[in-house]
Amino acid sequence: MPGIAISRRFALTAAGLCVALAMTACSKQEGDAPASANPAPPVPARVLVVGTDAAYTPFESQNDKGEIVGFDIDVVNAVAKKAGLEVKFVNTPWEGIFNALEQGDRDLLVSAITITDERRQTMDFSQPYFDARQLIAVRNDSPVAKFDDIKTMKVGVQNGTTGDEVVGKLLGKSSTSIKRFESTPLALKELEAGGVQAVVADNGVVVHYLANNTAGGFRTVSDASFPVEKYGIAVKRGNAQLLAKLNQGLEGIRADGTYAKIYASHFGNEPK
Ligand code: ARG
């Protein structure tokens with residue numbers, strides 16, 4: 001069925017192109033300035049593939065039915081609707097997520113991705129859509145009161161995240177005390193098991209995990225030295241057309257109250 005929908009859409013697009021070409025031909029005959037040689041390619045009228053590491057509740061996760069759900073998913077669905085794009089979400093492990101974008105296996109990424117200068121070198125980001133901060137999770141009986149206190153401990157992070165980065169700065173990037181996990185839940189499980197004494201990860205995910213795993217006996221420690229991080233939707237470097245659509249959609253859902261509704265439905269209050 002989707003195949004039929006796509007080919008019908010393609011036929012429509014092709015028809016549109018013919019009309020456009022015919023019009024160009026007309027205007028040339030009338031002696032107008034020639035049409036630009038290289039018009040920007042339109043965003044393809046096909047279902048765009050969105051990569052997301054769906055092990056990051058409440059931003060993205062898989063429900064019992066195997067559907068990918070969460071705040072990020074709601075935001076991108078709403079953005080796509082506003083911008084006239086069709087999207088589908090594909091679970092994509094964090095480890096390979098940026099490569100999948102680079103290779104063209106994914107058209108865009110939404111995965112609670114913090115916009116960083118380093119990442120900006122290899123991909124483009126939409127306007128920020130969410131503010132976050134690192135947060136430390138420790139066991140209830142832990143002496144940790146501030147970030148510096150974990151310097152001498154074994155610390156769990158999700159490999160290649162901003163949490164990994166800040167801990168790398170404190171302990172030294174190649175410190176063997178940094179235990180890098182494929183996912184944030186795995187790092188938190190290890191805290192429960194006692195293999196690490198602290199986990200540093202995005203506040204939203206840590207808070208959610210603690211609220212739902214009261215048996216784990218964790219508490220959080222915030223530290224003012226952690227900078228504010230901004231999440232953005234990533235596209236392949238130079239994909240200005242798609243980026244413009246996403247930004248237009250983001251603006252639209254902020255302006256009409258959809259964003260605030262989505263925010264409230266996941267976080268229970270108004271956007272900060
Ligand atoms: N915000 C952090 C970063 O960009 C962590 C994001 C991890 N996201 C995920 N879906 N696992 O590095």
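For ligands, and for the atoms within them, numbers begin at 1 and follow the listed sequence.
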Heavy-atom check, side chain of T57 versus side chain of V205, under 4.5 Å
no
Identify, by atom number and element, the atoms of ligand 1 in contact range of I113, meaning under 4.0 Å from any of its heavy atoms.
4 (O)
Strictly below 4.0 Å, N to O, side chains only: are D256 and K82 in salt-bridge contact?
yes
Report whether V157 and M153 are members of the same hydrophobic cluster (ILVMFWY, side-chain heavy atoms less than 4.5 Å apart, transitive linking).
yes
So, are R180 and D164 salt-bridged, with charged N and O less than 4.0 Å apart?
yes
Ligand 1 to Y56 polar contact by distance, N or O atoms, under 3.5 Å:
no
Under a 4.0 Å heavy-atom limit, does D202 contact ligand 1 with its side chain, its backbone, both, or neither?
side chain
Short list, please: which atoms of ligand 1 are under 4.0 Å from a heavy atom of Q158?
7 (C), 11 (N)
Nearest-neighbour protein heavy atom for atom 11 (N) of ligand 1, which is reported as residue plus atom name and distance:
D53 OD2, 2.7 Å
May I ask you to check whether Y263 and F59 place their ring centres under 6.0 Å from each other?
no
With backbone taken as N, CA, C and O and side chain as the heavy atoms from C-beta onward, which portion of R119 lies under 4.0 Å from ligand 1: side chain, backbone, both, or neither?
side chain
What do we get for Y231 next to ligand 1 when only non-hydrogen atoms under 4.0 Å count, side chain, backbone, both or neither?
side chain
Go through it in stages, so that I can follow the logic: the residues are F130 and F267, the test is ring-ring contact (aromatic ring centres under 6.0 Å, His included), and I'd like the CA-CA distance, side-chain angles, deciding distance and then a yes or no.
CA-CA 12 Å; F130 192 85; F267 302 104; 5.3 Å; yes
State, with a plain yes or no, whether a side-chain heavy atom of L85 is found less than 4.5 Å away from one of K245.
yes
Report yes or no: does E165 have a heavy atom closer than 4.0 Å to ligand 1?
no
Atom 6 (C) of ligand 1 sits nearest the protein heavy atom A112 O, 3.2 Å
Please compare G160, G204, G51, S111 and report which has the shortest non-hydrogen distance to atom 10 (N) of ligand 1.
S111
Quick one: which ligand 1 atoms are inside 4.0 Å of a heavy atom on E60?
10 (N)
Kindly indicate whether a cation-pi arrangement holds for R133 with F226, taking the cut-offs as under 6.0 Å to the six-membered ring centre and within 45° of the axis.
no
